[in-house]
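Read the structure below first, then the notes.
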Amino acid sequence: MCVVSYSLDGDNEHILPSFRKKNKKLHSSLYCIRIHVGRWRALRADPWRAMTDSEVSVLLHCAAWSGLLESQVQAELSERFNRQTDPSVDHQIEEVWTARVSKEPWLFNGSKFRLHSFRLASSRPASPKQPAGPQRPLPGEGELKHCRNGEEENLCVNDSPRDAIQSGVDERNPPVKSKNWDEREAAPLLTLRLGLTCYKDYLGTNWSRRAAELRQRGEVEFGDPLALLAQPLGVGGVLCTDDGQVVLIRRSQRVAEAGGLLDIPGGHPEPKAVCERLGRRVREEQIGVHMMQRRPVVSELFSSVCGEIRDEVNVPLSSLGAPVLMGVALNHTSAGRPSAEFYVSCSLTSDEVRRLYRKGGAEASESTEIIFLCKTVRRTQE
């Protein structure tokens with residue numbers, strides 16, 4: 001068994017207390033690292049896991065497959081997966097956006113993918129509890145509702161029968177592996193159900209002071225607490241250098257979220273980029289699901305995390321390995337906004353990465369400092 005732990009490098013040990021206290025999304029991302037390189041049973045005694053802020057949870061982890069490659073993920077696209085519209089909510093969104101732009105004129109709206117739900121392939125059908133209501137989940141389905149009290153971290157199960165939906169894979173029901181598991185199976189193992197939303201809707205719903213109220217209305221009116229929320233799917237890249245260090249950046253005060261805090265490089269996959277890849281030139285507000293194709297959407301999901309690393313850390317794409325999807329985290333500070341977390345290897349050392357970062361990349365204004373976590377690998381007997 002391989003257990004991986006992390007510590008800040010010597011030059012940054014003084015920030016450790018605030019680092020542990022404030023960086024919620026980062027805790028979740030590093031938790032995914034442990035799942036990726038170790039085994040679930042070893043994590044139960046992980047002290048960092050015990051200190052993880054309850055405002056972040058892991059919706060989905062891919063430990064059973066040691067992470068997923070691009071060929072193992074597919075997308076299902078439909079307007080049914082968009083946010084439910086409501087005149088009063090739309091008015092609130094406009095008010096919030098106008099106020100934010102007046103204070104931060106550099107903000108701009110853009111279309112985003114909305115994660116509605118997901119489905120995992122499994123070796124045998126999962127047995128979700130019978131939900132009340134007409135929308136019965138399929139075996140292996142998962143909604144963006146996470147059980148914080150359950151023992152199995154990869155189950156999307158709530159107390160109510162309506163929300164009792166398994167992610168389809170756990171330790172008691174592992175996928176059947178082929179004899180040569182190193183050659184990844186061609187068949188997709190994860191289906192992401194995606195609609196469209198935008199950054200303006202995100203700030204006016206997930207990030208608004210009325211997010212809790214919107215969740216209550218969604219539950220009452222649509223049977224889904226997330227129905228009125230934007231839920232844009234973000235991406236984060238756990239970048240590991242050739243000398244075994246994980247790259248962190250301190251976010252600038254000019255960014256819309258988490259200014260001044262440590263984070264991994266990340267951003268969003270862009271629907272507009274998919275349209276351009278398909279030869280369609282459209283304005284952001286004209287983009288629709290009907291313009292999308294499944295495979296280019298998945299390609300954008302995986303390539304966007306490398307693009308964010310390139311632009312924020314200023315390392316060339318040629319130095320990055322293929323992204324490996326470790327899981328999906330939910331940030332409850334922003335009403336459960338989802339983020340796909342990837343492991344990305346880098347052929348450069350931490351010193352080389354530091355020098356490139358100091359030269360400044362395309363998005364150098366979004367961060368003010370680069371920090372490294374030192375990785376220590378410890379072998380134990382199971």
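The structure presented is a predicted model; accordingly, all values stated were derived computationally and were not measured.
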Say you draw a straight line from [atom1] of [X] to [atom2] of [Y]; how long is it, rounded to the nearest 0.5 Å?
X	Y	atom1	atom2	value
Q84	D224	CD	CG	8.5 Å
D242	S347	CG	OG	7.0 Å
D90	K200	CG	NZ	8.5 Å
D263	I371	CG	CD1	11.5 Å
C275	I287	SG	CD1	4.5 Å
L325	Q72	CG	CD	9.5 Å

Do [X] and [Y] have side-chain heavy atoms sitting under 4.5 Å apart?
X	Y	result
S367	Y357	yes
V298	E70	yes
F113	L192	no
V238	V344	no
R193	S117	yes
H116	R114	yes
L77	V297	yes
T197	Y202	no

[X] and [Y]: same hydrophobic cluster, using ILVMFWY side-chain contacts below 4.5 Å?
X	Y	value
L189	L233	yes
F81	L229	no
L348	L317	yes

Using modelled atom types only, decide if a donor and an acceptor are shared between the side chain of [X] and the backbone of [Y] within a distance under 3.5 Å.
X	Y	answer
Q286	R283	yes
D311	A362	no
S299	P296	no

With no hydrogens and no angle check, do the side chains of [X] and [Y] hold a donor and an acceptor under 3.5 Å apart?
X	Y	result
T349	D351	no
E341	S339	yes
R210	Q92	yes
S304	H268	no
E76	T191	no
T368	R251	no
S111	E270	no

Smallest separation among heavy atoms of P188 and Q74, with atom names: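 Nearest heavy atoms, P188 then Q74: CG-OE1, 3.6 Å.
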A273 versus E300, closest heavy-atom pair with distance: CB-OE1, 3.6 Å
Exceeds 12 heavy-atom contacts within 6.0 angstrom, atom CD of E79: no
Check: Y199 ring centroid to F108 ring centroid under 6.0 Å: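 So the answer is no for these two rings.
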Verdict with supporting geometry, H332 and S57, side chain to side chain contact (heavy atoms under 4.5 Å, CB included): CA-CA 8 Å; H332 299 286; S57 59; 2.8 Å; yes
L60/L190 under side chain to side chain contact (heavy atoms under 4.5 Å, CB included): CA gap, chis, key distance, verdict: CA-CA 10 Å; L60 160 72; L190 171 65; 3.9 Å; yes
Test side chain to side chain donor-acceptor pair (under 3.5 Å) applied to N206 and R215, Q231, R337, the passing residue: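 Only match with N206 under side chain to side chain donor-acceptor pair (under 3.5 Å): Q231.
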Candidate pair S345 and C240, rule side chain to side chain contact (heavy atoms under 4.5 Å, CB included), full reasoning: CA-CA 5 Å; S345 62; C240 188; 5.5 Å; no
CA sep, side-chain torsions, deciding dist, call: V324, F342, side chain to side chain contact (heavy atoms under 4.5 Å, CB included): CA-CA 5 Å; V324 179; F342 294 84; 6.0 Å; no
side-chain contact (heavy atoms from CB on, under 4.5 Å) partner of L239, the single match among I264, V305, L320, I249: L320
S88 vs R217, side-chain hydrogen bond (donor to acceptor under 3.5 Å, both in side chains): CA-CA, chis, key distance, verdict: CA-CA 12 Å; S88 63; R217 283 191 56 187; 3.2 Å; yes
Residue pair R281, E276: steps toward the salt bridge (Lys or Arg N to Asp or Glu O under 4.0 Å) verdict: CA-CA 6 Å; R281 296 188 176 275; E276 292 174 348; 5.2 Å; no
Of E366, E369, E312, the residue whose pairing with R250 passes salt bridge (charged side-chain N to carboxylate O under 4.0 Å, His left out): E369
